[in-house]
Amino acid sequence: MYVQGIINPFKGKIGVISNFENVKCLDDAVTLFDQMVRTKPLPSVVDFSKLFKTLLNMKHYSAVVSLFREMQTLGITINGFILSIVINSYCLMHRVDYAFSVLPIYLKNGIPFNVVTFNTLMRGIFAENKVKDAVELFKKLVREKICEPNEFTYATVMNGLSKTGHTDKTLSLLRLMEQGSTKPDIFIYSIVVDALCKDRKFDAAIDLLNEMKQKGVPPNIVTYSSLIDGLCKSGQWEKVKTFFSEMVNLNIYPDVRTFNIVIDGLYKEGKVEDAEEVMKHMAGKGVEPDIITYNTIMDGYCLCGQRDRARRVFDSMIDKNIEPDIISYNNILINGYCKEKKVDEAMQLFREISHKGSKPNTVTYNTILQGLFEVGRIGDANFFYAEMLSAGHILDLYTLCTLLDGYFKYRLVEEAMSLFNKLERKMEHTSIELYNVVINGLCKNGKLDKAHEIFEKLSLIGVLPNVRTYTIMINGFCLEGLLDEAKDMLRKMEDNGCLPDDVTYNVLVQGFLRSSKISETATFMTEMAGRGFSFNATTAELLVKAISEKPSVLDMIPELHSRIMK
DNA sequence: TTAGGGTTAG
């Protein structure tokens, strides 16, 4: 029994007290809804919005929509709270078009739009990667004074921008806010710190952290976790320790998320023992592992080639009554099968998952798609992609990159370009990562001119090349023996404030070595050493080859000499 | 006394 009628002695009428905490699943919610609509007098609109919020939290977005329609059919009063929950549901279903179609309902019912309406819509637009549309809406709100943007508005826009690679714009908005009346709060600062870390601008992130302290907006657990994540991913373990201690000294205690971040970082670097040490520390501090901890551990073991151990962890999870989720399946079982090139087993498991109560998600599809391409089963990959589309699955950037990369890898340039052109026309997925795949694919298939053309177009369409884009172009030029162009590109990237990384230098060195330009190779190697970058396997192989063909190479490259001595 | 913002998986 979820609804209890009680007499409210002050108002003298029957009110409904609903215990929404008892609503555990979709059935409970629908039962409660049915009871509510039959109660006389009707429960308040507040009760209905609480129920809708509960459904939203349980991710039953389409249920929100259908119950909302039923309310309308029954002529039950609605309000702005309910409408924004409906808009949010559509947005979370990646149907921002339907979300917009809710706007006329405001007008019909005389409910004014407010800043929440637009914040929710903007988040939905960003979720579909329509950066330009979102920014346009933001500007329109400000320009036409439709509503006053608040901290939430800025947070939404800045998060959307940073997640699509526009860290610089995020930073300018921060500075703009500091001048204006809506001052940046802890959410805003945390978004910028995270953006800077994802952009590998750690010094800037640390500067901002200090700036926060000075401005009286002290960093919290999220800010520190973001920074620690960035530092883990870039292998700066000393700094990880520093900030870990710093936060504890400030009485900000690492939570399960912080620990998961560190454990994940350690496994990704193959530091299994350190990861286990951190887990012990975590247990000692009384922080309970969650499902993500287990998934991280399993993923970590798989990465270190200890797949059997991961399956143990899998079993122990079940023993501890922690239900494996779709990520557990994705990370260890499906991904494991795919890595072992046992795609049929992966497919079979994929079919079984839904019977076990989990639902394959986009990552599941992407993993299998990638697995199929990996073993060259292009026809099956296409078939699987079609299945994904017809099942109404959301394609993410990874899906598209996997498809394009797969096509290019098997020299299916026309298929790749036709898919890319279709995507570009829709202009929904303008992300540098997607362009990187296309530019790389074209370069590797001997279509440097076309690749260059797309590269040049990037700035016109507002997509910023990143270090990988430049490296891909440099590699493209090197493959064609156009070493001057490769060097020009290196200069260009530095002029544009994009610093070359170890991959860039390895690519350059390989290009010059292949053309036997030893003295220039030596120059780049010295630069590499100065920046603390090391050779990768391919570079080392080429070097060995060059030396065996011509031993004097060794003397021409002093840098190499000292390294070999070491 | 009901709506909208930040950190971890491929």
Show which side-chain atoms of residues 100-116 of chain A pair as donor or acceptor with protein atoms under 3.5 Å away, not counting sequence neighbours.
| unit_1 | atom_1 | unit_2 | atom_2 | d |
| --- | --- | --- | --- | --- |
| A/Ser101 | OG | A/Tyr98 | O | 2.5 |
| A/Tyr106 | OH | A/Thr117 | OG1 | 3.4 |
| A/Asn109 | ND2 | A/Ile105 | O | 2.8 |
| A/Asn114 | OD1 | A/Val116 | N | 2.9 |
| A/Asn114 | OD1 | A/Thr117 | N | 3.1 |
| A/Asn114 | OD1 | A/Thr117 | OG1 | 3.0 |

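Ionic pairing of A/Lys233 and A/Asp229 is present here: one or more N-O contacts between side-chain nitrogen and carboxylate oxygen are shorter than 4.0 angstrom. Of the charged side-chain nitrogens involved, none lies within less than 4.0 Å of a carboxylate oxygen, so that A/Arg351 and A/Glu345 do not count as a salt-bridged pair.
One can place CE of A/Met36 at 14 Å from P of B/dT2, the figure rounded to the nearest angstrom. If you measure from atom CG of A/Leu121 to atom P of B/dA3, you get 17 Å, rounded to the nearest angstrom. In this structure, A/Tyr90 places its OH atom 17 Å from C1' of B/dA3, rounding to the nearest Å.
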### Task
Could you encode protein contacts along nucleotides 4-9 of chain B as a string, one character per nucleotide from 5' to 3', using B for base contact, S for sugar-phosphate-only contact and - for no contact, with a heavy-atom cut-off of under 4.0 Å?
BBBBBB
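Every pair tested for side chain to side chain donor-acceptor pair (under 3.5 Å) that includes a residue from residues 52-61 of chain A fails, sequence neighbours excluded, so the list is empty.
A donor atom on one side chain and an acceptor atom on the other are found under 3.5 Å apart for A/Asn330 and A/Thr364.
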